[in-house]
Every structure is written in C-alpha cells, then in structure tokens.
Amino acid sequence: MELDSPTYAGPTPGSPEQVTGIMAELRRMYPDAKCSLNFSNPLELLVATQLSAQCTDERVNMVTAELFKKYRTVEDYATVGQEELERDVKSTGFYRNKAKNIRAAAQRMTAEFGGEVPRTMKEILSLPGVARKTANVVLGNAYGIVEGVVVDTHVGRLSRRFGWTTSEDPVKVEQDLMRILPREDWLDASHLMIYHGRALCMARKPLCAKCALVRLCPSAFTF
C-alpha cells in the first residue's frame, strides 16, 4: 500500500510570508551565490551568456578562458571569419548558430552603439541572438541594471515547485516572478535558485530530505 504524499501546511505559495521565508533560507544556504560565468567586462559576459545556451557554465568557462585572450574588443568579434569563430566555440555546442549570432551582435554594436554593449533592455534586445534571459544576465551582472528576473531551466523548475508559477514559458515565468518578488530580490533570486537547483532541487530526484525549504515548499516529498 502506497502512502499519500504529505499535505502541505505552510504559507500560501506566492504569499509574502512564503516568498520572504524562501529567500531568507536560500541566502543562508548560499551566501556566496553569484553569476557562475567568468567575465571581466560587459562584452565578455554577453559572449559567455550567448555561449551558455544548452551548455554548462563550467564548459563555457573552460572555452572563454582562451577565447577572451584572443578576442578583446567588439571589433575582434565583428571582423573574425565565421568558420574561425566556430572552431573557437565548437565545444559549447550549437556552435554555428552561436558564432553567427556573436558576430552579428558585434557588428550591430559597432554600427549602432559605438562598439559598446547597450545599457537598456530595448537596445540590448535588438542584438541578434539576445532574448530576455541574456539581456537580464548582462544588464544585472555587468551594469547593475535590474529590469527583470533571469529565467533558466533551474529557475523555471524551482518556480513551479514553489508554486510561484504554473507556466513552462520563460517569459510568463519571469512575469509571474516579477509580480511576487520584491524588485530588490530580482537579481539575487535567480542566482540563489540556480545554486539550489544544482545542489538539491534537481530535475529528476530532488533531495527533499536534505532541504531546509520543505516547510515552505508545496512540492516537497511529492516526487
């Protein structure tokens, strides 16, 4: 005979009490949470984030350790040949499309933005290959300009488990998070949720027995 999953008796999902409790606990668990991509300027972060699609941050950091020695300016990326850049980023996967977008974005930055990574959401979204996730990563972590919440696979998964959204669409997930999270938590929330997603709240078998969020999580022990 199978036992029923325990009934959640914590604060209403998405309520200020639950959100504040989860954020406080995540900060206690991961005090050093930050962007996992290595970068020293906005251009490097833009390139690294574009390379991170369907690729681990660890692999991206291995590739960019050499890439950033070879390509130092927007012009370097704008003028390199497609095949050469493909070779340099090949191990990140989907390398043809990534190289194409990086080159095209660099060419647009050269033509339209004085060779600089744009500082507004509207302008950075005009770059080839840049959607809201990449824009939020760059604006928030390179410029300290927080216009939204970074939604990757970890953030989407945890948001659904916490009861903060029911959507699978990253754009809708971000909209839901922006409604329930205080604006001052938007940048930290994504870092903290990514760390927790990697450490305990994995996709297939979350380690609920080891998690300090069980009293706040409506999905605890339901897997």
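Nothing fancy with the numbering, it's 1 onward along the sequence.
- E84 CD: more than 12 foreign heavy atoms inside a 6.0 Å radius.
- A donor-acceptor distance shorter than 3.5 angstrom exists from the side chain of R103 to the backbone of V80, with no hydrogens or angles considered.
- For the pair E58 and R198, the salt-bridge criterion is not met [side-chain N within less than 4.0 Å of a carboxylate O].
- Checking side-chain atoms of K98 against main-chain N and O of A53 turns up a donor-acceptor pair under 3.5 Å.
- Side chain of R108 to backbone of S126: a donor-acceptor contact under 3.5 angstrom is found.
- For T73 (side chain) and D76 (main-chain N/O), a donor-acceptor pair under 3.5 Å exists by modelled atom type.
- Crowding of K70 atom NZ: a count of heavy atoms from other residues, nucleotides or ligands under 6.0 Å exceeding 12.
- Between the N136 side chain and the V151 main chain, no donor and acceptor come within less than 3.5 Å of each other.
- Side-chain polar atoms of S15 and Q18 form no donor-acceptor pair below 3.5 angstrom.
- The aromatic rings of Y77 and Y71 sit parallel, their planes meeting at an angle under 30°, below the 60° perpendicular limit.
- Within a 6.0 Å radius of CD in Q82, more than 12 heavy atoms belonging to other residues, nucleotides or ligands are found.
- A salt bridge is absent between R132 and E147: the closest approach of a Lys/Arg side-chain nitrogen to an acidic carboxylate oxygen does not fall below 4.0 angstrom.
- Although no hydrogens or angles enter the test, the distance criterion places a donor-acceptor pair under 3.5 Å between the side chain of T64 and the main chain of V60.
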